[in-house]
Protein chains: 2
Amino acid sequence: MANNEESHGDPVNEVRSLSSVPKAVVGRLSLYLRELQNLLRQGNDTVSSTKLGKALGFSDAQVRKDLAYFGQFGYPGIGYRCEELVAEIKKIMGTDRHWAVALIGCGNLGRALLGYRGFFQKGFKIAAAFDVDPSKTVGQFEGIPVYDIEELGTIAKQHQIRLAILAVPAAAANLVAEKVAAAGITGIMNFAPVTLNSIEGVSAVGVDLAIELEQLCYSVVKSNDNNLS
Amino acid sequence: MANNEESHGDPVNEVRSLSSVPKAVVGRLSLYLRELQNLLRQGNDTVSSTKLGKALGFSDAQVRKDLAYFGQFGYPGIGYRCEELVAEIKKIMGTDRHWAVALIGCGNLGRALLGYRGFFQKGFKIAAAFDVDPSKTVGQFEGIPVYDIEELGTIAKQHQIRLAILAVPAAAANLVAEKVAAAGITGIMNFAPVTLNSIEGVSAVGVDLAIELEQLCYSVVKSNDNNLS
DNA sequence: ACATGTGAAGTAGTTCACAGCC
DNA sequence: GGCTGTGAACTACTTCACATGT
C-alpha cells in the first residue's frame, strides 16, 4: 500500500474564490504549472493529460476537466504543448506579470522569506520589509530595505505593492492585517497561527507550518494503525 | 462582498489518508485545535459549534459533523469544553506526544525552520539537522547539531526520528527522500518545489511557498475581475 | 492509434432540519 | 432556550465513456 502521496491537504491553507471555478481546481493548476516547467527543463515539448496526471497523482480526466474550465488548450492526438500551457496557466493565475510584495515582520521566519528564491522565480519581488522594532528598521536584510510599519502606506503606494506577507506574532496579526488593508493592499499571505478576521475586498491565504507538520503527523499515525490490521 | 477568507486551498498542500475520514475534515481539525487554544488563552471554558465555526468561516453543522467522525465530544445545551476537546483532537492528530524530527538542508529556509518556534509548541522537536555541504556539517545552528547526510540512518535510529523536513533544492529532493525512507523515517514534509515520487509506507506533505503566494495572486486578480462587473 | 473535450453517471462532501438532552 | 448528534436532502466534485479531431 503506497501510503505516500502529494495530493492536497484541504483547509490547511486557505483561499476562497468568488467564481464558479472550484478552489480545488485552482490549486491543481499551480501543480500543473510546476510540473510543466519541470518537463520543459527536461526537454519535453508536449505532454498528455495521462502523463501529467500520473506525475502528480491525478487521473487524466481530472487534468482535462480542470483545464477545460479555462479554455481549450490541447491538441487531439498530441496532448498539450508545454510552453503554451505554461503561458496560459500563468495568465490565469496572474503570474504572467511581476508583483511587488511587502514583507511584514522581520523575525526569524520573515528574514528567511526575504532570501527565499522561489518567490522571485514566480515573478514576486519583495520590494520592502517592515517591522515595529526600531533596531531592525534602520538597515536592510538581503538587500531589501526595512521600514517602520507606519510607513507602509507611503511605501506601498510608491512601489505599487498589492500583496503582503505577514510573518508577525499571532497576537499582532489581526491588527497588522488592518494596517495592510488600510495601505491599499488586497492580498495577504498569513504565516501567523491565527485565522484572520475577514476584511472587505481583501483576500487571504493562511500558511501555518506547524499545522502542515501536524497533518503529516496524522497521516503517519493513521497509516501505522492501518498497517497493523 | 467580503472576499477575504481563510478556508483551505486545496491541492496546494498535499496529504492523502487511507481511511474513510475525508482529508478536508482532518485539515479543519487542525484549525479547530488552533482556535480552541486561542479561546482557552482568552479564558473560555466552553464553545459552541456555532461560535467555533463562525471564527473560522465554517457552518455549525460542519463543525459538528467533522467532530462526529471521531466520537461524541459535546454537551447538549453547553457546547464543547475547550480543554477536553483540545486533548481529544491532539490525540487524533498524534500530537499528544512528542516527535523527534530531522531537518534536511541547511540553506536559507532550512536554517529559519530550525529556529521556528511553532513546531516546538506543537510537540515537534528538531533533534538533528543534515546537509551535504561539508562547510555546514561541522557545527550547529540554533543549538541543533548539523551532520553529514550520510549519517542520517545512524542518528535517526539514535533519536527515534520518525519525521523529516526537506528543505533541499528541487533537483535533490527525490534522491534525498529515498535516503530519508531508507533511514526508517515514515513522514516527509517537503518544501522543495517538486512532487515527490510515491514511496511505499511513507507519507508526504508538500509545502510550496511560492505556490501558496500564487494562489493568493489568483484570488486577488479574480476578485478584481468580479468587482468590475 | 492516440489524445482531447465533454455530457452523463457516480461519488464525496456539505447543509438542512429536527429529535433528544441539558 | 440553547446546543449537540445525525439521517435525509442537496450540492459539488470526480470519473466514465465516447464522439471528435489529428
Side-chain angles (χ1 to χ4, degrees), chain A residues 5 7-12 14-29 31-32 36 39 44-82 84-85 88-89, chain B residues 5 7-12 14-29 31-32 36 39 44-82 84-85 88-89:
Chain A
E5 164 122 353
S7 71
H8 277 317
D10 211 51
V12 173
E14 317 167 13
V15 200
R16 177 163 69 171
S17 82
L18 302 166
S19 83
S20 53
V21 180
K23 61 185 172 8
V25 171
V26 182
R28 285 190 298 265
L29 233 46
L31 297 177
Y32 299 151
L36 284 164
L39 288 168
N44 299 272
D45 283 353
T46 66
V47 67
S48 67
S49 56
T50 308
K51 188 179 172 194
L52 184 53
K54 204 162 283 173
L56 298 168
F58 306 130
S59 72
D60 57 330
Q62 177 103 81
V63 173
R64 295 197 299 276
K65 262 277 155 72
D66 285 350
L67 296 173
Y69 277 99
F70 303 96
Q72 301 193 167
F73 308 125
Y75 301 88
I78 307 288
Y80 301 88
R81 299 201 204 288
C82 297
E84 205 175 294
L85 192 51
E88 291 289 353
I89 297 179
Chain B
E5 166 122 355
S7 71
H8 277 316
D10 209 52
V12 173
E14 316 167 12
V15 198
R16 179 163 69 170
S17 81
L18 302 167
S19 82
S20 54
V21 180
K23 61 186 171 6
V25 172
V26 182
R28 285 191 297 266
L29 234 46
L31 297 177
Y32 299 152
L36 284 164
L39 288 168
N44 298 273
D45 282 354
T46 67
V47 66
S48 68
S49 57
T50 307
K51 186 178 173 194
L52 185 53
K54 204 162 283 173
L56 299 167
F58 306 131
S59 72
D60 56 330
Q62 178 101 83
V63 173
R64 294 196 300 275
K65 262 277 156 75
D66 285 349
L67 295 173
Y69 277 99
F70 303 95
Q72 302 193 166
F73 308 125
Y75 301 88
I78 307 285
Y80 300 89
R81 300 202 202 286
C82 297
E84 203 175 295
L85 191 50
E88 289 291 352
I89 297 179

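A, B, ... follow the sequence lines: proteins, then strands. Residue 1 opens every chain.
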Inset, instruction - Round to the nearest Å and state the distance from Lys51(A) atom NZ to dT4(C) atom P. - result: 12 Å

Legend entry - Closest to the Lys65(B) side chain, choosing from dT14(D), dG5(C), dG7(D): dG7(D)

Inset, instruction - Measure from the side chain of Gln62(A), starting at C-beta and using heavy atoms only, and say which of dT4(C), dT15(C), dT14(D) lies closest. - result: dT14(D)

Inset, instruction - For residues Val26(B) and Val21(B), report the shortest heavy-atom separation together with the two atoms involved. - result: CG2-CG1, 3.9 Å

Inset, instruction - Starting from P on dC16(C), measure out to CG on Asp60(B) and report it in whole angstrom. - result: 8 Å

Legend entry - From dT14(D), dT6(D), dT15(C), nucleotide with atom closest to Gln72(B) side chain: dT6(D)

Quick one: which protein N/O atoms are closer than 3.5 Å to N/O atoms of nucleotides 18-22 of chain C? Pair and distance per line, please.
unit_1, atom_1, unit_2, atom_2, d
dC22(C), O4', Pro76(B), O, 3.0

Inset, instruction - May I ask you to say what Thr50(A) touches in the nucleic acid, namely base, sugar-phosphate or nothing, with a heavy-atom cut-off under 4.0 Å? - result: nothing

Legend entry - Spacing of Leu67(A) atom CG relative to dA3(C) atom P, expressed in whole Å: 16 Å

Legend entry - Rounded distance [0.5 Å steps], CG in Leu67(A) versus CZ in Phe70(A): 8.5 Å

Legend entry - dG5(D) OP1/OP2 closer than 4.0 Å to side-chain N/O of Tyr69(B): no

Inset, instruction - Return no unless some side-chain N or O of Ser49(B) is found under 4.0 Å from OP1 or OP2 of dT4(D). - result: yes

Legend entry - Considering all heavy atoms, the nearest Lys51(A)-Asn44(A) contact: NZ-OD1, 3.2 Å

Inset, instruction - Using whole Å, report how far CZ of Phe58(B) lies from P of dT14(C). - result: 9 Å

Inset, instruction - Send over the distance from Asp66(B) CG to dA12(C) P, rounded to a whole Å. - result: 17 Å

Inset, instruction - Check whether the side chains of Glu84(A) and Tyr75(A) place a donor and an acceptor atom closer than 3.5 Å, and report yes or no. - result: yes

Inset, instruction - Please assess Ile89(A) against Tyr32(A) for the test side chain to side chain contact (heavy atoms under 4.5 Å, CB included), listing each intermediate value before the final yes or no. - result: CA-CA 8 Å; Ile89(A) 297 179; Tyr32(A) 299 151; 4.0 Å; yes

Inset, instruction - Give the rounded distance in Å between these two atoms: CG of Leu52(B) and P of dG5(D). - result: 13 Å

Inset, instruction - Supply the atom-to-atom distance Leu52(A) CG to Thr46(A) OG1, rounded to the nearest 0.5 angstrom. - result: 11.5 Å

Inset, instruction - Using atom NZ of Lys54(B) as one end and atom P of dG2(D) as the other, report the distance to the nearest whole Å. - result: 13 Å

Inset, instruction - Ignoring backbone atoms, establish whether Ser59(B) has a side-chain N or O less than 4.0 Å from OP1 or OP2 of dT15(C). - result: yes

Legend entry - For atom CZ of Arg28(A) and atom C1' of dA12(D), their distance in whole Å: 12 Å

Legend entry - Minimum-distance nucleotide to Ser48(B) side chain [options: dT14(D), dC16(C), dC3(D)]: dC3(D)

Inset, instruction - Kindly write out the residues that satisfy side chain to side chain contact (heavy atoms under 4.5 Å, CB included) with Asp60(B), not counting sequence neighbours, or none if the list is empty. - result: Ser49(B), Thr50(B), Arg64(B)

